[in-house]
Amino acid sequence: MIRTIASLASLALLSGGAALAHHGWGSYDAAHPVTVAGPILSSKYENPHATLTVRGSDSKVWTVTLAPTSRMSTRGANDKIVAVGKNVSAFGYPSTVEKDEMRAERITVDGKTYEMR
Amino acid sequence: MEHEAPAIFVALEQSGFAAAIRQSGWLYPLANVGHIVALVVFAGAVTAMDVRLLGGLAATNPGRLIGQARWVAILAFAVMVVTGAMLFAAEASHLVVNPMLQLKAVLLVAGLLNIAMFELWGKQAVVGFAPAAPTPKRAKVAGGLSLAMWLAVAACGRSIAYF
């Protein structure tokens, strides 16, 4: 027990400097929304949130965070829709922590718009 | 500033177990809902025990109340361990460097240690107590600490999403 505490405590101390490595839902800049439009380069249709990489018109490669897969499927945005090679337009909020990452409020594929919230 | 997670947590996230949880449409939501429902049951049982140690619910026999509520808490805790392991594995490399997850882990161990200390030094002091008799100070301390630590564990758990 004591050893467990000691190792957990040292883990916490060691990784203390890494506190900024991840971020939660609070770290998006809702005051400055962006639209990323372009081809889907990769697609992870996975929980807790599906993610895409998209080459934007600024030729930056964005990581686009979507929604839980069950919600997306229910709304018709299944893995055939957010598939590699499709063109997507994602409106959302850029991360204040992670470079070139954004959380999509809604996406449009093949002329159809899907809400992510 | 990106920091690398320790290799063992990267390996856990890349394991078939973790991938299965991410790729399934229902496993992750099931674990998430199960974790919260078990927390509600756990919190109820823990609160009843801790309030009794603090001197509330005075009409009850403390030994019997703890003896019964404890099994509810243990069962709910077991469900939280399983569902929590699933949620953690799916995103292990991110979660392990999350400050709220780290604080939660430390508080969790402290809460378990508090139970162990109560078993060793506190329990005998209340087991034979009649209803309405005031609980001894060490029982009050154990109950107060327990309530504070488990509520903090829950608060940290929910806060992981915002850090």
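Model, not experiment: these values are computed from the prediction. Each chain gets a letter, A, B and so on, in the order its sequence line appears, and its residues count up from 1.
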Indicate if [X] and [Y] have the same hydrophobic cluster label, given that clusters are the connected sets of ILVMFWY residues with side-chain heavy-atom separations under 4.5 angstrom.
{"X": "B:I21", "Y": "B:L95", "result": "no"}
{"X": "B:L75", "Y": "B:V82", "result": "no"}
{"X": "A:L52", "Y": "A:V34", "result": "yes"}
{"X": "B:V37", "Y": "B:W26", "result": "no"}

Whatever's closer than 4.5 Å to a heavy atom in chain A on B:S24 counts as backbone
Distance check, rounded to the nearest 0.5 Å: [X] atom [atom1] versus [Y] atom [atom2]?
{"X": "A:T69", "Y": "B:R22", "atom1": "OG1", "atom2": "CZ", "answer": "12.0 Å"}
{"X": "A:N47", "Y": "B:M86", "atom1": "CG", "atom2": "CE", "answer": "11.0 Å"}
{"X": "A:S70", "Y": "B:Y28", "atom1": "OG", "atom2": "OH", "answer": "11.5 Å"}

Over 12 foreign heavy atoms within 6.0 Å of [atom1], [X]:
{"X": "A:R106", "atom1": "CZ", "result": "yes"}
{"X": "A:R71", "atom1": "CZ", "result": "yes"}
{"X": "A:K44", "atom1": "NZ", "result": "no"}
{"X": "B:I8", "atom1": "CD1", "result": "no"}

Contact list (residues 54-70 of chain B to chain A, heavy-atom gap under 4.5 Å, by number) returns none
Bottom line for A:P48: the part with an atom under 4.5 Å from chain B's heavy atoms is both
